[in-house]
Visitor: 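Got a structure for you, written out below as structure tokens; questions coming shortly.
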Amino acid sequence: MRRKRFAGMKYFVVGILCFLAVGCASFPGNNLPKYTYEQVLVREPKPAVDYDVKCFSLDRENAGSVSHFQGEIEKVFAKSNVFSKFSPGTGREKYHLSLVLKNDGNIAAAFISGFVSGFTFTVLPGFARDNFTLIVDVKKGDQLLKQYRYENYMDTWIQLFMIFLTPTHSPVDMGKEVIDGMLLAFLNDLQKDNLLL
């Protein structure tokens, strides 16, 4: 009886140790060139813009992600110094930006990968890919000046001992990096096109 209890306890402890040593690390895709804030042109006079934001996950509107996306927009717009003023809303400024962020991935593949990984106590890795699409409509009144579209992705791996990479490659931070990269690519292209005269 004691041997069975000891054997059961041993598996329990091994399971807990595996769980504690499991980490997940994400890596951004390389579909877009990497821009720095210094590379984005700043033209004078700087235009003022207002903007609206929508987020979608797997073709469904995701209102819960709007505030996070808006936070990234405000951070990137402020650091880029491209606009004299930018604010959420419609019709207050001469130019308007409609930003749509989509996050799609293969749920079935991620589920199967996660199941196999969990069944093996993450000795076999789990894998998921988030496919991001950023669409920006640039408008002047009712006139659509141009639509910009950017696609990139983020790969996330879950595996035993991946915890050592988690602090520098957390999914939240890497997701922000991908989104910031797409926003910087948009600002770079917008300034090169010189649309906001």
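Quantities reported herein were computed from a predicted structural model and do not represent experimental measurements.
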Visitor: For the residue pair T36 and Q39, establish whether any side-chain heavy-atom pair is separated by less than 4.5 Å.
Guide: yes
Visitor: Determine the minimum heavy-atom distance between R43 and L41, stating which atoms define it.
Guide: NH2-CD1, 3.5 Å
Visitor: Taking side chain as C-beta onward, heavy atoms only, is L99 less than 4.5 Å from K54?
Guide: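 Contact flag for L99/K54 side chains = no.
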Visitor: Could you check L97, V82, V138, L190 and say which one makes a side-chain contact (heavy atoms from CB on, under 4.5 Å) with V49?
Guide: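 The residue from L97, V82, V138, L190 that satisfies side-chain contact (heavy atoms from CB on, under 4.5 Å) with V49 turns out to be L97.
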Visitor: Begin from the C-alpha positions of E151 and N31 and carry the test side-chain hydrogen bond (donor to acceptor under 3.5 Å, both in side chains) through to its verdict.
Guide: CA-CA 7 Å; E151 295 180 2; N31 284 355; 5.6 Å; no
Visitor: Quick one: sort the F27 and H169 rings into parallel, tilted or perpendicular, breaks at 30° and 60°.
Guide: tilted
Visitor: Please give me the minimum heavy-atom distance between D180 and E72, naming the atom from each residue.
Guide: OD1-OE1, 2.6 Å
Visitor: For T90 and D52, run side-chain hydrogen bond (donor to acceptor under 3.5 Å, both in side chains): C-alpha distance rounded to whole Å, both residues' side-chain angles, the deciding distance at 0.1 Å, then the answer.
Guide: CA-CA 7 Å; T90 306; D52 68 273; 4.7 Å; no
Visitor: Measure the spacing between NZ of K79 and CG of L183 and express it to the nearest 0.5 Å.
Guide: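 So the gap between those two atoms works out to 12.5 Å.
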Visitor: If we ignore angles and hydrogens, is there a donor and acceptor under 3.5 Å between the side chains of N81 and K46?
Guide: yes
Visitor: Under 3.5 Å, is there a donor-acceptor pair between the side chain of N188 and the main chain of V40?
Guide: no
Visitor: When rounded to the nearest 0.5 angstrom, what is the spacing between NZ in K34 and CG in L184?
Guide: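 So the gap between those two atoms works out to 11.5 Å.
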Visitor: With rounding to the nearest 0.5 angstrom, report the CG to CG distance, D104 to D130.
Guide: 9.5 Å
Visitor: Under a 3.5 Å distance rule, please check whether R149 uses its side chain to pair with a backbone N or O of V136 as donor and acceptor.
Guide: no
Visitor: First locate atom OG1 of T133, then atom CZ of F56, and finally report the distance between them rounded to the nearest 0.5 Å.
Guide: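 Output value for this atom pair is 12.0 Å.
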Visitor: Are Y35 and L187 side-chain neighbours, meaning at least one heavy-atom pair lies under 4.5 Å?
Guide: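 Not in contact.
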Visitor: Between atom CZ of F86 and atom CD of E74, what is the distance when rounded to the nearest 0.5 Å?
Guide: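 Here the rounded value is 6.0 Å.
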Visitor: Among the clusters formed by ILVMFWY side chains lying less than 4.5 Å apart, do V66 and V76 turn up in the same one?
Guide: yes
Visitor: Is there a donor-acceptor pair closer than 3.5 Å between any side-chain N or O of N62 and the backbone N or O of C55?
Guide: no
Visitor: Measure from the side-chain N and O atoms of E93 to the backbone N and O of D50, and report whether any donor-acceptor pair falls under 3.5 Å.
Guide: no
Visitor: Using the rule that Ile, Leu, Val, Met, Phe, Trp and Tyr join whenever any side-chain heavy atoms are under 4.5 Å apart, tell me whether F132 and F127 fall into a single cluster.
Guide: no
Visitor: Which distance, rounded to the nearest 0.5 Å, do you find between the CG of L145 and the CG of L196?
Guide: 7.5 Å
Visitor: Determine whether the aromatic ring centres of H96 and Y51 lie less than 6.0 Å apart.
Guide: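 That pair fails the under 6.0 Å test.
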Visitor: Tell me whether I135 shares a hydrophobic cluster with V178, the cluster being built from Ile, Leu, Val, Met, Phe, Trp, Tyr side chains joined at under 4.5 Å.
Guide: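 Unlinked, I135 and V178 end up in two clusters.
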Visitor: Is there a side-chain contact between K94 and P47 (heavy atoms, below 4.5 Å)?
Guide: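 Answer no - side chains too far apart.
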Visitor: Considering all heavy atoms of both residues, which atom of M174 and which atom of S26 are nearest to each other, and what is their separation?
Guide: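 For M174 versus S26, the nearest heavy atoms are CG-O, 3.2 Å.
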Visitor: May I ask you to check whether D137 and Y148 show a side-chain donor-acceptor distance below 3.5 Å?
Guide: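 Checked: D137/Y148 side chains show no N/O donor-acceptor pair below 3.5 Å.
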Visitor: Considering non-hydrogen atoms only, spot the tightest contact between Y150 and F186 and give its length.
Guide: OH-CA, 3.3 Å
Visitor: Mind listing the closest non-hydrogen atom pair of S80 and V42 along with its distance?
Guide: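 Of all heavy-atom pairs spanning S80 and V42, the closest is O-CG2, 3.7 Å.
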Visitor: State yes or no: do L134 and L144 share one hydrophobic cluster built from I, L, V, M, F, W and Y residues joined by side-chain heavy-atom distances below 4.5 Å, directly or via other members?
Guide: no
Visitor: Could you tell me whether the side chain of N103 reaches within less than 4.5 Å of the side chain of F69, counting heavy atoms only?
Guide: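 With C-beta onward as the side chain, the pair stays apart.
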Visitor: Heavy-atom count check: over 12 atoms from other residues, nucleotides or ligands less than 6.0 Å from K75 NZ?
Guide: yes
Visitor: Does Y95 reach the main-chain N or O of L197 with its side chain, forming a donor-acceptor pair under 3.5 Å?
Guide: yes
Visitor: For R129 and D155, which heavy atoms make the closest approach, and how far apart are they?
Guide: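 So the minimum-distance heavy-atom pair works out to NE-OD1, 2.6 Å.
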